[in-house]
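Data first, discussion second: the structure below is written as structure tokens.
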Amino acid sequence: MPRILQAGLVFSGPVSAAVRREQPGDAFSTNRSFHVRLSLARDPAKMPVRLFSSFRFPMTDNNRSVFILGGARSGKSRFAEELAIKAGGNLHYLATGRAWDDEMRDRIAHHQARRGGEWATHEVPVDIAAMLERLDRPDNVVLVDCLTLWLTNLMMENADFDAAFAALEAAILSARAKLIFVSNEVGLGIVPENRMAREFRDHAGRLHQRIAAIAGEVFFVAAGLPLKMKAEAAPAKVRSTSPYPCL
């Protein structure tokens, strides 16, 4: 029975729900029972601010890669770092950003101070796939932050995008290490006014679709809150030709 507490209304008990499996063609499974606890806080000051712990999960053999998208200052990097620590293992940070100016140097210093000394940092502006192969051990957890800066570096060097994307996909699909990728979602705003910015947006969108198709988990982070867009699935053997069905 519900009971009134100082913080609000709390319900605790079993419920039934219809559940749909992610795999295409799977049938609906009904009458599944769950035990839930729902709290509706009446006092906003007493509502929890830190919700990341609800989304933590163990990485398994069927879930070796996580893809995290979000806007600027959305909390995506902090969420990725917490997932990496929770996964357990040797922590490796692949930094793709280049310190072109004082603002970028300040951003890099901020990230380094937040991570602390338990991470091994590798500056990898372009050849991510080769570094992933070097660090490919089951006891390693590798965080790549971020793919949009990596894409910027590829554009600055007039690199072959398809070849670079394919090499990254191959490294993800064959990985024994636990991999976490962070990237900025840049396709939700207005159409950029210049051609280079439009090309960057389009390349980023294509890259995100390819990584999301093969990742074990996909999250979108906004205002510090992670939304799971794709749940754990068996790793693909080849790259999908169409986007994976989202939750």
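Residue numbers start at 1 and run along the sequence shown. Every value quoted in this text rests on a predicted model; they were computed, and no experiment measured them.
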Euclidean distance, F220 CZ relative to F79 CZ, rounded to 0.5 Å:
12.5 Å
Do D162 and R210 sit within salt-bridge range, that is, some charged N less than 4.0 Å from a carboxylate O?
yes
Is the closest side-chain heavy-atom distance between F161 and L151 below 4.5 Å?
yes
Side chain proximity check, L132 to L168, heavy atoms < 4.5 angstrom
yes
Check the surroundings of atom CZ in R137: do more than 12 heavy atoms from other residues, nucleotides or ligands lie under 6.0 Å from it?
no
In this structure, OG of S183 is separated from CG of L149 (nearest 0.5 Å) by 8.5 Å
In Å, rounded to the nearest 0.5 Å, how long is the span from CG of L173 to OG of S65?
8.0 Å
Between L91 and L143, is there a side-chain heavy-atom distance shorter than 4.5 Å?
no
If I take atom CD from residue E118 and atom CD from residue E81, how far apart are they, to the nearest 0.5 angstrom?
9.5 Å
For I68, the option from L83, L147, V218 that meets side-chain contact (heavy atoms from CB on, under 4.5 Å)
L83
Is the backbone of G71 close enough, under 3.5 Å, to the side chain of K76 for a donor and an acceptor to pair up by distance?
yes
Do F181 and I172 come close enough that some side-chain heavy atom pair is under 4.5 Å?
yes
Is there a donor-acceptor pair closer than 3.5 Å between any side-chain N or O of D136 and the backbone N or O of R176?
yes
Answer with yes or no whether the hydrophobic clustering places V186 together with V191; edges join I, L, V, M, F, W, Y residues whose side-chain heavy atoms lie under 4.5 Å apart.
no
Output the distance between atom CG (L207) and atom OG1 (T148), rounded to the nearest 0.5 Å.
9.0 Å
Mind checking the CE-NE2 spacing from M131 to H92? Nearest 0.5 Å is all I need.
10.0 Å
Let me know which of V66, V182, L69, I180 forms a side-chain contact (heavy atoms from CB on, under 4.5 Å) with F219.
V66
Using a 3.5 Å distance criterion without hydrogens, assess whether the side chain of E123 forms a donor-acceptor pair with backbone atoms of P125.
no
Is the ring pair W119/Y93 parallel, tilted or perpendicular, if the boundaries are 30 and 60 degrees?
perpendicular
